[in-house]
Number of protein chains: 2
Amino acid sequence: MPGKKVTPRRRSGCPLNASVEMLGDRWSLLIIRDMMLRGFRSYKEFLDSHEGIATNILAGRLRTLQAHGIISAGRDPSDARKRIYRLTPKGINLAPVLTEMVLWAAAHEETGNQPLVRQMRADKEKFLAAIRERWAGTAIPRK
Amino acid sequence: MPGKKVTPRRRSGCPLNASVEMLGDRWSLLIIRDMMLRGFRSYKEFLDSHEGIATNILAGRLRTLQAHGIISAGRDPSDARKRIYRLTPKGINLAPVLTEMVLWAAAHEETGNQPLVRQMRADKEKFLAAIRERWAGTAIPRK
DNA sequence: ACTTTTTACTTGCAAAATGCAAGTAATGTT
DNA sequence: AACATTACTTGCATTTTGCAAGTAAAAAGT
């Protein structure tokens with residue numbers, strides 16, 4: 001049975017508002033970044049890495065990101081304990097959003113990961129194409 | 001006791017994290033949208049319009065957006081009660097971020113404001129140029 | 001086989017952010 | 001002078017976030 005629709009009640013019909021309601025918190029975009037740019041796929045990777053998300057928050061975010069159709073979850077055939085999270089096409093399409101946010105911050109704040117920033121600045125379209133390419137055959141997890 | 005500056009203490013140096021720490025909440029980007037796209041400039045406009053922000057939240061967001069250098073505040077010479085909020089160059093540079101978020105939501109959700117979406121889709125660069133143009137001479141508020 | 005470790009969570013509770021309703025002070029309008 | 005507007009603040013309830021600890025299932029080690 002297909003899940004029942006979550007949160008039909010939007011504050012407004014504005015597309016920006018829709019984005020903010022799905023992504024406007026302190027963790028969602030970082031999780032998506034870890035999947036998209038770092039190739040993270042398991043709960044433990046998200047938990048150990050990046051900015052130190054709390055385990056209950058991570059579980060909640062993974063749930064709502066799934067509910068919004070941005071990520072999907074499956075089982076690891078080689079280890080039944082593991083779940084494998086990956087971006088849906090909708091999630092992959094967030095690449096331009098992430099890119100612009102990275103470029104904006106890099107232009108106005110002192111930030112790290114300059115190699116990434118340089119790569120994005122040098123040829124944005126090429127960078128985005130590379131991400132799409134990398135995620136093209138995502139049905140079967142690598143390795 | 002020399003400067004007891006409250007250290008901003010970022011969770012990480014990642015530029016995306018910097019963006020999320022400045023913009024990752026339920027209201028900041030909507031306020032910026034209202035300034036950028038709708039030309040809102042006063043407290044009352046923000047309060048009355050869009051998605052119905054609470055007055056204390058609005059006051060807080062305006063404060064932190066200023067603290068981050070994204071907006072600036074001045075007085076209205078024709079009415080001393082009024083404050084005029086406007087985007088700084090840093091704030092105006094959020095146009096590509098807003099645009100990508102609008103396009104993403106419009107592509108994956110049922111949203112309103114299709115004229116805006118069509119305009120963005122038809123020629124993104126032109127749309128962005130128009131925004132920059134509109135905000136070019138922003139030192140003196142119009143009207 | 002059984003004990004330990006790993007993985008992906010949940011639960012309980014404190015702290016912080018958000019939201020609502022009701023002020024308040026400084027103007028401006030009548 | 002009385003009233004209305006504007007830009008807030010304050011107090012309090014609700015919700016979200018964060019921390020620490022616990023749990024179940026599966027895998028790995030002995």
Side-chain angles (χ1 to χ4, degrees), chain A residues 6-7 9-12 17 20-31 34-35 39-68 71-86 141 143, chain B residues 6-12 17 20-32 34-35 39-68 71-86 141 143:
Chain A
V6 202
T7 323
R9 188 192 150 166
R10 287 256 167 79
R11 294 180 299 187
S12 83
N17 179 62
V20 165
E21 291 195 356
M22 287 186 276
L23 308 167
D25 69 81
R26 293 190 99 53
W27 294 107
S28 295
L29 285 168
L30 298 181
I31 294 170
D34 282 347
M35 299 181 85
F40 288 8
R41 295 184 291 125
S42 70
Y43 193 89
K44 192 172 187 302
E45 284 176 305
F46 299 125
L47 199 62
D48 290 351
S49 171
H50 63 53
E51 286 77 10
I53 190 171
T55 174
N56 57 336
I57 307 296
L58 174 58
R61 289 278 94 86
L62 290 172
R63 224 178 344 243
T64 63
L65 287 171
Q66 275 182 79
H68 289 133
I71 67 174
S72 64
R75 298 244 163 235
D76 186 333
S78 70
D79 186 340
R81 289 171 305 179
K82 287 190 181 171
R83 306 209 70 187
I84 291 176
Y85 293 97
R86 79 174 77 87
K143 183 187 177 184
Chain B
V6 181
T7 311
R9 200 190 73 113
R10 288 255 166 80
R11 294 179 299 187
S12 84
N17 179 62
V20 165
E21 291 195 357
M22 287 186 275
L23 306 167
D25 67 83
R26 281 183 114 53
W27 294 107
S28 295
L29 284 168
L30 298 181
I31 294 170
I32 292 162
D34 282 349
M35 300 181 84
F40 287 7
R41 295 184 288 124
S42 70
Y43 193 89
K44 193 174 186 301
E45 284 176 304
F46 298 124
L47 198 63
D48 290 351
S49 171
H50 62 54
E51 286 77 10
I53 189 171
T55 173
N56 56 337
I57 307 296
L58 175 58
R61 290 278 95 87
L62 290 171
R63 229 182 338 250
T64 63
L65 286 172
Q66 277 182 77
H68 288 134
I71 67 175
S72 64
R75 297 243 161 236
D76 187 332
S78 70
D79 186 340
R81 291 170 305 181
K82 286 190 182 170
R83 307 209 71 186
I84 291 175
Y85 293 97
R86 81 174 76 86
K143 182 187 174 185

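The structure presented is a predicted model; accordingly, all values stated were derived computationally and were not measured.
- Contacts of B/Glu51 classified as salt bridge (Lys or Arg N to Asp or Glu O under 4.0 Å), with partners at least two apart in sequence or in another chain: B/Arg33.
- Nearer to the 5' terminus of DNA chain D, by closest-nucleotide assignment, is the contact made by B/Arg63 (compared with the other of A/Ser78 and B/Arg63).
- Sorted by residue number, the list of members of residues 24-32 of chain B with any non-hydrogen atom under 4.0 Å from DNA chain D is empty.
- Contact between the side-chain N/O atoms of B/Arg61 and the OP1/OP2 oxygens of C/dT18 is found at a separation under 4.0 Å.
- With sequence neighbours excluded, the residues forming a salt bridge (Lys or Arg N to Asp or Glu O under 4.0 Å) with B/Asp48 are B/Lys44, listed by chain and number.
- Backbone-only contact: A/Tyr85 has heavy atoms under 4.0 Å from sugar-phosphate atoms and none from a base.
- For the pair B/Asp79 and A/Gly60, both in contact range of DNA chain C, the more 5′-proximal nearest nucleotide belongs to A/Gly60.
- As a whole-Å value, the separation of A/Arg11 CZ from C/dG19 P is 7 Å.
- Note: CD1 (B/Ile57) to C1' (C/dA17) measures 7 Å, nearest angstrom.
- Here C/dG19 presents its P atom at 12 Å from CG of B/Leu58, a figure rounded to the nearest Å.
- If you take NZ of B/Lys82 and C1' of C/dA25, they are 18 Å apart, rounded to a whole angstrom.
- Among residues at least two apart or in separate chains, side chain to side chain donor-acceptor pair (under 3.5 Å) pairs with a member in residues 53-64 of chain B are B/Tyr43-B/Thr55.
- Annotation: salt bridge (Lys or Arg N to Asp or Glu O under 4.0 Å) contacts of A/Asp76 (sequence neighbours excluded): none.
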CA sep, side-chain torsions, deciding dist, call: B/Ile31, B/Ile53, side chain to side chain contact (heavy atoms under 4.5 Å, CB included)
CA-CA 9 Å; B/Ile31 294 170; B/Ile53 189 171; 4.3 Å; yes
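- Residues satisfying the salt bridge (Lys or Arg N to Asp or Glu O under 4.0 Å) criterion with B/Arg75, sequence neighbours excluded, are absent altogether.
- Scored by the side-chain hydrogen bond (donor to acceptor under 3.5 Å, both in side chains) test, A/Gln66 finds no partners at all (sequence neighbours excluded).
- When DNA chain D is scanned 5' to 3' for any atom under 4.0 Å from a heavy atom of chain A, the first and last hits are D/dT17 to D/dA27.
- B/Arg83 has its CZ atom 13 Å from the C1' atom of C/dA26, to the nearest Å.
- Side-chain N or O atoms of A/Glu21 include one that pairs as donor or acceptor with a backbone N or O of A/Arg11 at under 3.5 Å.
- Nearer to the 5' terminus of DNA chain D, by closest-nucleotide assignment, is the contact made by A/Ile53 (compared with the other of A/Ile53 and A/Ala80).
- Not counting sequence neighbours, the partners of B/Asp34 by the side-chain hydrogen bond (donor to acceptor under 3.5 Å, both in side chains) test are B/Arg38, B/His50.
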